[in-house]
Amino acid sequence: MPKHDYMQVSQDQPIYSEAPLQLLLFVDGRPKSRQQVQRLRAYLKELQAEYHFELQIIDVGQQPYLAEHFKLVATPALIKIHPEPRQILAGSNIIAQLKNWWPRWQTAVDTYLKLQEDLQERIDENGRVSSPKSTISSVAVSAELMRLSDEIFRLKQEKDKLQEQLQFKDRVIAMLAHDLRNPLTAAAIAIETLQSNYSTETGEFKRLKPAMSAHLLKQARSQTKIIDRMIADLLQVARGNDTELPIIPQKIELGQLCLDVLEELRDRYTAKLLQVETDIPKDLPNVYADPERIRQVIVNLLDNAIKYTPQGGKISVAGLHRTTQKVQFSVGDNGPGIPIENRDRIFENHFRLQRDEGTEGYGIGLCLCQRIIRAHYGQIWVDTAPNGGAWFHFTLPVYPS
């Protein structure tokens, strides 16, 4: 359809019509409606030659807000917007409908003009006459307001989404910074021990057996690898919009992983004279999980258990082949436990129990634990331990045999 054949409603060039009869013809770009539109336009041109009225043709693809303004469900559609009342003709027989309504529209225009004449006899003190409410220009203004309203709503949604992403990245940075302390401390202790026992004269480690020296070197190297992986994850999350922590699942022996972590934390729990009780079945199936991520979970849970178990208390670690698809792992203590009303909120970022306001406790680390376990399609929750403390449980998928 040539552009010069019709005028579009535009806020840049508002139209103030003198014609009392004002019509809008909504069309679309569908090939199957082209012939119908051409016939309708030709018929309207014939009417326009005999009777003065204003017609504007609007492509719904270019002016969707006008179609929304009139709540149109189909095109083509012919709308009489002035004089009131508004009337919409749509369907495949618009010309037939128009032939039926045309004489009535002319009568409505004559009535409107007669009312205008009567109004001119009663001009108010400002010398102004009431203007028609539903003109083509006012419709354009309404459509533009709708468009701007939608644009504001869209921008608000984008703002909220950006704020959510920024908050998430802040949480991830806080969580990873929290968890970096454990491997950093372990690596620092191993290096300091080696350094304090190294003799520059003989090139040997004094008071350290070769096996212990090798163990400390291995410990320092493995912990720095964990730190490197966590920093890499942090950078990856900071660059992207994905709110899931990346994982690389593989076949792992969960019981052995837990024993390795207990060995790393031995100095911590022996300093408090804590008893560690393990119940890990020898036939516990392997799980399909990211070993370094699950190590983070176990370290966090054991770290909290050590922190909250009183001097001389007991920590429990247990594994359970729960179903053919899931393995359950549990870490318990006989500390103060978690109140029932806080057991769901305990996994929220930065949540602290009132008694823990002055200390580091359950909070950022547990939030990270929950994210990691959920990334593995598992669950994590807390119960009251049989000996009165807290029992943290999580599930992981069994490695397919």
Hey, are [X] and [Y] close enough for a salt bridge, meaning a charged N less than 4.0 Å from a carboxylate O?
X: Arg154; Y: Glu151; value: yes
X: Glu158; Y: Lys161; value: no
X: Glu50; Y: Lys45; value: no
X: Lys156; Y: Asp160; value: yes
X: Arg268; Y: Asp303; value: yes

Checklist entry - Between atom CD of Glu292 and atom CD1 of Ile252, what is the distance when rounded to the nearest 0.5 Å? => result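 Spacing of CD (Glu292) from CD1 (Ile252) equals 10.5 Å.
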Checklist entry - Once you round to the nearest 0.5 Å, how far does CD of Gln223 lie from CD1 of Ile189? => result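 It comes to 10.0 Å.
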Flag side-chain contact, heavy atom, 4.5 Å: [X] against [Y]:
X: Pro285; Y: Tyr399; result: no
X: Leu47; Y: Leu98; result: yes
X: Asp290; Y: Gln250; result: no
X: Phe329; Y: Cys258; result: yes
X: Val327; Y: Leu254; result: yes
X: Val27; Y: Ile58; result: no
X: Phe394; Y: Gln328; result: no
X: Leu21; Y: Lys80; result: yes

Checklist entry - Considering residues at least two apart in sequence or located in another chain, which fulfil the ring-ring contact (aromatic ring centres under 6.0 Å, His included) criterion with His376? => result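 Result, ring-ring contact (aromatic ring centres under 6.0 Å, His included) vs His376: none returned.
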Taking all heavy atoms of [X] and all of [Y], pick out the closest pair and write down the distance.
X: Asn286; Y: Glu253; value: OD1-CA, 3.5 Å
X: Cys369; Y: Ile380; value: CB-CD1, 3.9 Å
X: Val398; Y: Lys326; value: CG2-N, 3.6 Å
X: Ala289; Y: Ile294; value: CB-CG1, 3.6 Å
X: Asp333; Y: Ala305; value: OD2-CA, 3.8 Å
X: Ser33; Y: Pro76; value: CB-CD, 4.2 Å

Got a list of side-chain donor-acceptor pairs under 3.5 Å for residues 311-319, not counting sequence neighbours?
none

Taking atom [atom1] of [X] as the centre, report whether more than 12 heavy atoms of other residues, nucleotides or ligands fall under 6.0 Å from it.
X: Gln157; atom1: CD; value: yes
X: Arg221; atom1: CZ; value: no
X: Gln48; atom1: CD; value: yes
X: Tyr43; atom1: OH; value: yes

Item to check | Donor-acceptor pair, side chain of Ser222 and main chain of Gln219, under 3.5 angstrom | outcome: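 Answer holds: yes.
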Item to check | Short side-chain to backbone donor-acceptor contact, Thr323 and Gln325, under 3.5 Å | outcome: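 At least one qualifying donor-acceptor pair exists.
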Item to check | Results of side chain to side chain donor-acceptor pair (under 3.5 Å) for Asp383 - residues two or more places apart only | outcome: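 Applying side chain to side chain donor-acceptor pair (under 3.5 Å) to Asp383 gives Trp381, His393.
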Next on the checklist: Using the rule given for salt bridge (Lys or Arg N to Asp or Glu O under 4.0 Å), can you reason through Glu46 versus Arg41, listing the C-alpha separation, both sets of side-chain angles and the distance that settles it, and then say yes or no?
Outcome noted: CA-CA 9 Å; Glu46 292 176 11; Arg41 283 164 55 82; over 6 Å; no
Checklist entry - Asp260 and Gln256: side-chain donor and acceptor closer than 3.5 Å? => result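 Checked: Asp260/Gln256 side chains pair up, N/O donor to acceptor below 3.5 Å.
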Checklist entry - Do Arg293 and Gln296 have side-chain atoms, one donor and one acceptor, less than 3.5 Å apart? => result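 Side-chain D/A pair, Arg293 to Gln296: present.
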Item to check | Pair Gln56-Glu54, side chain to side chain donor-acceptor pair (under 3.5 Å): steps then yes or no | outcome: CA-CA 7 Å; Gln56 292 201 23; Glu54 180 167 354; 2.9 Å; yes
Checklist entry - With respect to His82, which candidate in Tyr112, Phe53, Trp105 satisfies the ring-ring contact (aromatic ring centres under 6.0 Å, His included) definition? => result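 The passing option is Tyr112.
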Checklist entry - Relative to each other, are the rings of Phe26 and Phe70 parallel, tilted or perpendicular (30° and 60° limits)? => result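 The arrangement is perpendicular - the two ring planes meet at more than 60°.
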